[in-house]
There are 4 protein chains.
Amino acid sequence: MTAATTPAAGRPAPRGRIDKRQAILEAAFAVFARRGYAQACVQEIAQEARVAKPTVYNHLGDKENLFRHALAAAADLVMAENLAVVERLRDPGDDLRRSFEDVGHRLLKVCCGQRAGALRALTYAQLAAFPDIVEVTQGQTAGLLGEALADRFARLTLNGRLRTPDPTRAAEQFLALLTGPMETRSRLGTRTVSATETRSIATSAVDTFLLAYGTDGRAHTP
Amino acid sequence: MTAATTPAAGRPAPRGRIDKRQAILEAAFAVFARRGYAQACVQEIAQEARVAKPTVYNHLGDKENLFRHALAAAADLVMAENLAVVERLRDPGDDLRRSFEDVGHRLLKVCCGQRAGALRALTYAQLAAFPDIVEVTQGQTAGLLGEALADRFARLTLNGRLRTPDPTRAAEQFLALLTGPMETRSRLGTRTVSATETRSIATSAVDTFLLAYGTDGRAHTP
Amino acid sequence: MTAATTPAAGRPAPRGRIDKRQAILEAAFAVFARRGYAQACVQEIAQEARVAKPTVYNHLGDKENLFRHALAAAADLVMAENLAVVERLRDPGDDLRRSFEDVGHRLLKVCCGQRAGALRALTYAQLAAFPDIVEVTQGQTAGLLGEALADRFARLTLNGRLRTPDPTRAAEQFLALLTGPMETRSRLGTRTVSATETRSIATSAVDTFLLAYGTDGRAHTP
Amino acid sequence: MTAATTPAAGRPAPRGRIDKRQAILEAAFAVFARRGYAQACVQEIAQEARVAKPTVYNHLGDKENLFRHALAAAADLVMAENLAVVERLRDPGDDLRRSFEDVGHRLLKVCCGQRAGALRALTYAQLAAFPDIVEVTQGQTAGLLGEALADRFARLTLNGRLRTPDPTRAAEQFLALLTGPMETRSRLGTRTVSATETRSIATSAVDTFLLAYGTDGRAHTP
DNA sequence: TATGAATGAGCATTCATTCAT
DNA sequence: AATGAATGAATGCTCATTCAT
């Protein structure tokens, strides 16, 4: 993660500083998400952070820089959530399918949640302008998440509970089976998808995944 | 399709007008793709279309309107390409796997090509500002494409060559297995993916898909 | 001269254009003279020119460019006045001293007038920022003026009415004897110098000059 | 002089304070000279003086005040140099011409040196904004210098070595003959003038001056 | 006293949009 | 129908200046 998420409750002086920087970054992400990069004006970000405009510039220097840091901070948060979810596969219990469905469902809620959606939208939007931010957001999100998932799949394969000759590829496909349909159903996040539909997407994804990579080879019978 | 793509070479007078409109829309899409919505200025679009600025306004009225029409036109083109590819599944021949791989590979090239990438980026970028454009682009792209694919899957299932109880879901997953990994590998389109890697993605997607939905139930042995 | 001072009364359309450009340049010079380069704001220049701010940018592109052109235009005017004065020495009449005093007095009024003063101040002020403007203003003003004067001195020397082995040097000194004391007396232009004092400066300058370069070698007896 | 130029190495406590004030004033003059009044930012001055920004305000209160004091300090220095040069005319020795040339050459080096040039430029630049600074700089420079020179001329006239009925006028002209051509040749200080050219300017000035005000009435024969 | 941090005010510049031709 | 010219509205960014420490 880029920055410490839980600052020690130390001396009072720098605390205000850090609080303000944090507030600015959060406000920035909110406004960028709401308006898009170019339409977002620093004025609004400052207002939302309860700070004067020059303070924003003092802390982050530049609109572009502000954007990068706001994205990085948000990506850190999303990543932390995702990794926490994947961690649940470290000890999946007896019912592997149930575990996968649980994890899939949780990933779905994170990946298509408010923050992750905005992150994806902003990243796509500014691809042409700042091609390197992909490393910051997608690199963190899809990249690390994929690897963490691949790690779990590899261990489960060693344990004989999965059959993934190429765990990285399997992880990619698992994530794709989850998020792809979700994107379609939610119209890129513009429609709310009902809880049952969300769960259904997760179940279907796990079905297909286990049919391809499971060791029993049979999907649940609906 | 939203607009006639191939105007007949008929009367000379309206031809120039149509040509100009077409040129404006193409230039607009190019500039929007290059700069993003807000950063793109009408001036540049007019220059690229070899037209004076007010002419753009005469034809399209508004920057927002210009954007919508430019996106729609591009979406039409992408859609046409995609549908043409899917049509190949209407008569798949003996080797179903081969057909699927062929179609998958082609879809991949279209979906992650220049135009489709820009379309996706622009759509994501302006989601917050103009939520309804999703219907125009994604609705056209993912929606119609998915349904066309689902049609093929349904027929193949009826013919006993596939086993898709829910063809729409299967189509979603097929597309997800193709584009999801591609997005990851290409870093959202910022890196070129080698031809072999592209083919490998298609192959893997088809493998997984056929393991889940095929009638023989066995992946190809590499 | 940089631009035609008297535009032909031709087609009506470009006339408005030229008028506006002219108005902008004049307003710019006035405001720059009043406030200095950095303190002058384009807004005020636009107002003074009865024009919208972007029009200023459309015509002159840049504050710096605006500055350069405004200075150049003013320098042209000053130069024209100066050259017209010097021209009077082409046929000086019998009383050479009288002619010199006349010319000196007139040069003094031009060189220390409103416009020339502002020109000098602005040039000095922005020397560090735009070192090349010296060529535009001083080059025009002191340079060409000096040469024109030197030309007269050379002819008068050939005619035996003056004795200037180095006319350029003599011209420099003549101008220095005029403007130097004037600068001191007027406190760099911040005080108005009475007409009699101005005339006295001119007379003294001519006295000294003729004592050094005259052929009779005697100053007028006061 | 406005401020003590050489603070005695006395008590340690006020010393640091005075040093700091001195450092600020010097840095201020340097930055003002480099950028001009408006373009100079207090931040840069503080940095150059190795001091925090509020310290500048603590000591000098205001940007305008800072400017005045910085100019005054620089004017003091220039003035001191100039007066020292003029003092050499108190006992000119046998060869008056030689003495004058020496003094002229030295004055030229001072008046057109780094500091005096910047002083003149800054004064001109802010004439419109702060008309009273002329008294501080030009008053010190040209005014006092002229009077000191006039004093010498008066004494030399009393001694029969010069013939200046109006010493003040003569002093003005002497300075004008020196600095006027120098300004022209150096393009207002933007070009370096070679040592020989500088000397030649001084010689010519003295030539003309002595032809007009000398007692032998003859210029040196080149 | 000296300073890190914060702010109010201002300014150059850009751009979508509209007239008059 | 097409365009050169003009404008109103924003916006990023800077800077002098002031608190609180």
Side-chain angles (χ1 to χ4, degrees), chain A residues 11-14 16-18 20-21 24 38-46 49-66, chain B residues 13-14 16-17 20-21 24 38-46 50-66, chain C residues 11-14 16-17 20-21 24 38-46 49-66, chain D residues 13-14 16-17 20-21 24 38-46 50-67:
Chain A
R11 294 136 299 163
R17 193 92 220 284
I18 288 177
K20 235 155 214 174
R21 186 190 167 94
I24 290 171
Q39 293 91 337
C41 74
V42 178
Q43 165 70 17
E44 190 177 357
I45 293 174
R50 312 284 203 148
V51 159
K53 214 193 320 179
T55 303
V56 176
Y57 284 92
N58 283 343
H59 279 264
L60 276 309
D62 209 340
K63 191 184 183 185
E64 185 180 326
N65 215 284
L66 175 57
Chain B
R17 204 168 151 73
K20 236 160 213 176
R21 186 189 166 95
I24 291 172
Q39 293 91 336
C41 70
V42 178
Q43 166 70 16
E44 191 178 355
I45 293 173
R50 312 283 204 149
V51 161
K53 219 193 316 181
T55 304
V56 176
Y57 284 90
N58 285 342
H59 280 264
L60 275 309
D62 208 345
K63 191 184 182 184
E64 185 180 328
N65 215 295
L66 175 57
Chain C
R11 295 134 300 167
R17 194 93 222 282
K20 237 157 213 175
R21 186 190 166 95
I24 291 172
Q39 294 91 337
C41 73
V42 179
Q43 166 69 18
E44 189 177 356
I45 293 173
R50 313 286 204 146
V51 160
K53 217 193 318 183
T55 303
V56 176
Y57 284 90
N58 283 344
H59 279 265
L60 275 310
D62 207 342
K63 191 184 181 183
E64 184 179 328
N65 215 284
L66 175 58
Chain D
R17 202 164 154 76
K20 238 163 209 173
R21 185 188 167 95
I24 290 172
Q39 293 92 335
C41 71
V42 179
Q43 166 69 17
E44 190 178 355
I45 294 173
R50 312 283 204 150
V51 161
K53 219 192 317 181
T55 305
V56 176
Y57 284 90
N58 286 343
H59 279 265
L60 289 133
D62 208 343
K63 191 184 182 183
E64 185 179 329
N65 216 295
L66 175 57
F67 183 66

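Chain identifiers are assigned alphabetically (A, B, ...) following the order of the sequence lines, protein sequences preceding nucleic acid strands; residue numbering begins at 1 within each chain.
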What is the distance from [atom1] of [X] to [atom2] of [N], rounded to the nearest Å?
X: Asn58(B); N: dA16(E); atom1: CG; atom2: P; answer: 16 Å
X: Leu66(A); N: dT11(F); atom1: CG; atom2: P; answer: 15 Å
X: Arg21(D); N: dA2(E); atom1: CZ; atom2: C1'; answer: 16 Å
X: Ile45(C); N: dC11(E); atom1: CD1; atom2: P; answer: 12 Å
X: Leu60(A); N: dA6(E); atom1: CG; atom2: C1'; answer: 15 Å

**OP:** Hey, could you give me the CG/CD distance between Leu66(D) and Glu64(D), rounded to the nearest 0.5 Å?
**Re:** 10.5 Å

Original post:
Say you draw a straight line from NZ of Lys53(A) to CD of Glu44(A); how long is it, rounded to the nearest 0.5 Å?
Top reply: 12.0 Å

Original post:
Using a cut-off of less than 4.0 Å, is there contact between a side-chain N or O of Lys20(A) and OP1 or OP2 of dA6(E)?
Top reply: yes

**OP:** For dA5(F), take OP1 and OP2 only and decide whether either is under 4.0 Å from a side-chain N or O of His59(C).
**Re:** no

Subject >> Side-chain heavy-atom pair Leu60(C), Arg21(C) within 4.5 angstrom cut-off >> reply: yes

Subject >> Base-pairing string, 5' to 3', of DNA chain F - Watson-Crick or wobble, under 3.5 Å, | interstrand >> reply: .||||||||||||||||||||

List the atom of [X], the atom of [Y], and the distance in Å for their closest heavy-atom pair.
X: Ala52(A); Y: Ala46(A); answer: C-CB, 4.0 Å
X: Ile24(A); Y: Val56(A); answer: CD1-CA, 4.0 Å
X: Val42(D); Y: Tyr57(D); answer: CG2-OH, 3.5 Å

All N/O contacts under 3.5 Å from nucleotides 16-20 of chain F to the protein, with atom names and distances to one decimal?
{"from": "dA16(F)", "atom 1": "OP1", "to": "Ala40(D)", "atom 2": "O", "distance (Å)": "3.0"}
{"from": "dA16(F)", "atom 1": "OP1", "to": "Lys63(D)", "atom 2": "NZ", "distance (Å)": "3.0"}
{"from": "dA16(F)", "atom 1": "OP2", "to": "Val42(D)", "atom 2": "N", "distance (Å)": "2.9"}
{"from": "dT17(F)", "atom 1": "OP1", "to": "Asp62(D)", "atom 2": "OD1", "distance (Å)": "2.8"}
{"from": "dT17(F)", "atom 1": "OP2", "to": "Tyr57(D)", "atom 2": "OH", "distance (Å)": "3.3"}
{"from": "dT17(F)", "atom 1": "OP2", "to": "Asp62(D)", "atom 2": "OD1", "distance (Å)": "3.3"}
{"from": "dT17(F)", "atom 1": "OP2", "to": "Lys63(D)", "atom 2": "N", "distance (Å)": "3.1"}
{"from": "dT17(F)", "atom 1": "O4", "to": "Lys53(D)", "atom 2": "NZ", "distance (Å)": "3.0"}

Subject >> Residue met sooner reading DNA chain E from 5', once Val51(D) and Arg50(A) are mapped to nucleotides >> reply: Val51(D)

